[in-house]
Amino acid sequence: MAAPWSAISGGNSTNSNSNHTPTAQILSACNRPSLRQRCDEITSIVHRSSSKELHASFQGLLDNIFGFNGCPGWGLNTLTQHNHEDFRVLQKFMEPKGALLYMVYKLQADNYLRYEFPISSLPAPTRAALMEGVMPAFYSNKLSYQSQGRIPATLMLSAFEYYMFSFAFFLVHPTHQQSMQNWTQPQYCFFPCLLDEYLQYFLPLDGGTVPPMPVTQGTSRPSSPGQGYSPPYRHPQYGVLYDYLHSKDTYRGHILRSNSSMTSLHHSSFSRQDSVLGSMSMTTTELASSETWRTETFLHALMEFWFSQNSLMPKEFGLRQQVQENFMPSVDHVRAVRIVVKHLHFFANAAKPMLNISAYQHAEEAAIDELRRYVLSHFLQKKLYVFLRHGFDHWPLDSSFRPMLEVWLSVIQPWRYTSGELRHRSSPLREHRDIPISKEKWFKFICDNILFYTALLQEYLPRAFRQDMSSPKNALMFFRVAKVYGQSNLPELLEEAERLLLEHASPGYYRQASTPGYGASYLSTSHHSPTTTSISTGLMTQLAELEVPGYVYKPLFGQQTKMSIEQLLQITVQARTTVRSIGRNDFTSMSESCWSWVQQFFRELFMFDGSSSHMALQDDYGPQDTFRVDSYLDQATQFMGKTFDVDVPSVYDEMDGAHRRGMYDKDSSPDCMDGELSSLGRYQVSVLTGGECMIRIPHQIVWMESCHHWEDISW
């Protein structure tokens, strides 16, 4: 991405002063053996050097930190809090108010310093769009044309843009992408913690705004919104006249005040007169954009590299093209996506109610509050839907699918993220009552994102059919899905939203949804209120925008889906039978079972992280695993049966009569050992008593109702 270090530092230059330049000093600091030495020396150099002096070393420094261009990197993906000193030192160096961002802001203050980012490193869909001549708004004035008529090879980015692109690119860089399997406990790993700090800073949850950039020496116009701008670059194929016309103020309004979803003030060009004079006062809109441009740039970098690596393709596309477009994210990549999704839910839910001055006018609100209202629909919705659809279609059929599943379940439960105190660091076993979902507050969200609830569940069902439900990991995943869809009144809200979609869609809508201009022409408004009409319009538009041409919507509560659910429940009952037969032969002694249960409980209470080390996610059967799997599957069948109004098959119907009499005959005595109930005997009693189990305590026997685990698993 940048020139090699030797080239940056002057190589074999005979200039005796070359070793005293900031570039050479930073190069020397990067070769120090300890992180503390590197960070301390670079911090000192950054604070005493000007932007001109730091300019030449910026890209090389980022290459060294992130491990690009053959550099080993500083271990951002492997550093944990177990190495407490290095963790704290690097965190202080790279945090939003740290020395590295201070260097970025120093360079950002000079409007004419730009850094080349290779287009070959952009996601495949973006590269394809550029080759086809489709210009994404963010890149409209950032392409560097080396010669007339040639496809641009690089982007010209400001210092802040380049840093955020490098930060996001780190997670998908080919060198690191395959080894991203380390964050079983993200709260103790460096990169997820740094991501969380950036999210907290640039998307604050406390109702405040993003802190201003620090004032540095060499800032020619500290109050100018030009700090967020990219200067105009001439497009050689269009000539001087085109460049002159487009160098005028082409600002079309803030991203949320315009019809474009990806255009903001800092992506536009200043006129050359404004660059020279700089005396015009900022308008209200410009002030709003200067407040949020860093937030928008940060979000765009995350969305571009983490959410946009693939695109949905119609089935008629050949296998060769589909393979070329296929990018499989790492498990850590998916975990990072979930961190972003959860934070954006919190951020959006922190929006303040709009104040109405009159029936025709709303009070002016801060740009950050306006961003909160539209961040999910403008930045996240389509990219996240494509990310999940691709993951559901291409992820291997094993338990590693769990992180992808949890991203989906986080997306469709925004009501879980309504307070800054309940962020993902909170206890995973916090009480989670089944409180009815407020229709007034959440029905619009459900309507605006109906495909996340319907189409993605239908994508999950074929995967569930192919998985071994007797496996604890797979049983847990199925339970998680069933529990979410079984929440209180969620099925009723989904059914109502789907009914609005189906009532207002013309029979020819699905064949023509992708044709521009059809929009609301298929709506019938004669018998519906304006509110209902607007909701149904949004549903139809969502189908057109999110899905590929030719997509046919399958009703979630239609007969075909119900038949699939019934078949899946039959498979689940068969899996329960298998689990019980395994459990008959795998019980340990009573004391070991009770003690392991107590240990397991406290592990979940204080140390749960959703990793593969968790007992519920292991495929090795013990007594607690057998009970747990049977409980998961039992609860899942009840939830799914209630949600889709289908009959729940009985596990006893699947058992062979002789086998059932051998294990569960009420006329036979439970299995005993040395005059006391054995593990098998306790299990037999638990079945006969309808879900009760006996735990023996010295000198007494206590009957206790078996508890079903309702963990809110949020690793």
Side-chain angles (χ1 to χ4, degrees), residues 96 108 136-138 158 160-161 164-165 167-168 195-213 225 227-230 251-268 282-308 337 339-356 362-385 410-411 414 417-420 423 441-442 444-445 448-449 538 545:
Q108 182 71 30
F138 184 85
S158 67
F160 187 83
E161 292 166 342
M164 288 305 171
F165 269 48
F167 173 81
L195 169 64
D196 184 70
E197 286 196 65
Y198 288 165
L199 290 169
Q200 294 278 358
Y201 188 84
F202 295 111
L203 293 95
L205 304 180
D206 57 1
T209 60
V210 181
M213 291 196 306
Q227 289 182 357
Y229 277 62
S230 294
Y251 173 68
R252 293 175 295 180
H254 188 263
I255 178 174
L256 306 176
R257 295 184 173 87
S258 68
N259 293 326
S260 171
S261 63
M262 295 303 296
T263 304
S264 59
L265 179 70
H266 71 285
H267 300 153
S268 304
M282 298 173 64
T283 65
T284 303
T285 303
E286 288 169 342
L287 283 169
S289 185
S290 66
E291 176 186 331
T292 62
W293 73 264
R294 282 176 293 160
T295 301
E296 294 171 22
T297 299
F298 175 53
L299 279 177
H300 178 82
L302 299 186
M303 297 299 134
E304 181 76 350
F305 289 98
W306 294 0
F307 293 77
S308 305
V337 165
I339 293 173
V340 174
V341 168
K342 292 169 66 176
H343 188 94
L344 289 181
H345 271 318
F346 278 113
F347 180 72
N349 291 335
K352 301 174 182 177
M354 293 186 66
L355 299 178
N356 296 328
H362 296 292
E364 185 75 15
E365 62 179 355
I368 195 70
D369 289 326
E370 193 173 7
L371 181 63
R372 286 188 176 97
R373 298 185 189 283
Y374 299 101
V375 65
L376 297 179
S377 59
H378 283 68
F379 278 95
L380 187 66
Q381 186 189 52
K382 182 174 178 60
K383 296 179 183 296
L384 180 57
Y385 183 78
S410 293
V411 172
Y417 310 103
T418 57
S419 171
R423 303 209 63 248
K441 186 172 183 180
W442 300 113
K444 186 178 185 301
F445 177 91
D448 291 343
N449 299 275
E545 291 182 350

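Computed over heavy atoms, backbone and side chain alike; hydrogens, waters and symmetry mates excluded. What you see is a predicted model, and the numbers here were worked out from it, not measured in a lab. Sequence positions, counted from 1, serve as the residue numbers for this chain.
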Can you see whether E161 engages T297 through a side-chain donor-acceptor pair at a distance of less than 3.5 angstrom?
no

Of all the heavy-atom pairs spanning F445 and L376, show the shortest one and how long it is.
CE1-CD1, 3.9 Å

In this structure, NZ of K444 is separated from CG of N449 (nearest 0.5 Å) by 9.0 Å

Heavy-atom nearest pair, Q381 first then D448, reads NE2-O, 2.6 Å

L195 vs V340, test: side-chain contact (heavy atoms from CB on, under 4.5 Å). Steps then yes/no.
CA-CA 8 Å; L195 169 64; V340 174; 4.2 Å; yes

Pairing donors with acceptors under 3.5 angstrom, does anything connect the side chains of K383 and S308?
yes

In short, T418 meets F346 closest at the heavy-atom pair N-CE2, 3.8 Å

Examine the side chains of E296 and T292 and answer whether a donor and an acceptor come within less than 3.5 Å of each other.
yes

Heavy-atom closest pair, residues K342 and S410
CG-OG, 4.0 Å

Assign the ring pair F347 / H343 to parallel, tilted or perpendicular, where the plane angle (0 to 90°) is split at 30° and 60°.
parallel

State, to 0.1 Å, how close G208 and I368 come at their nearest heavy-atom pair, and which atoms those are.
O-CG2, 3.9 Å

Aromatic contact, F160 with F202 (centres under 6.0 Å):
yes

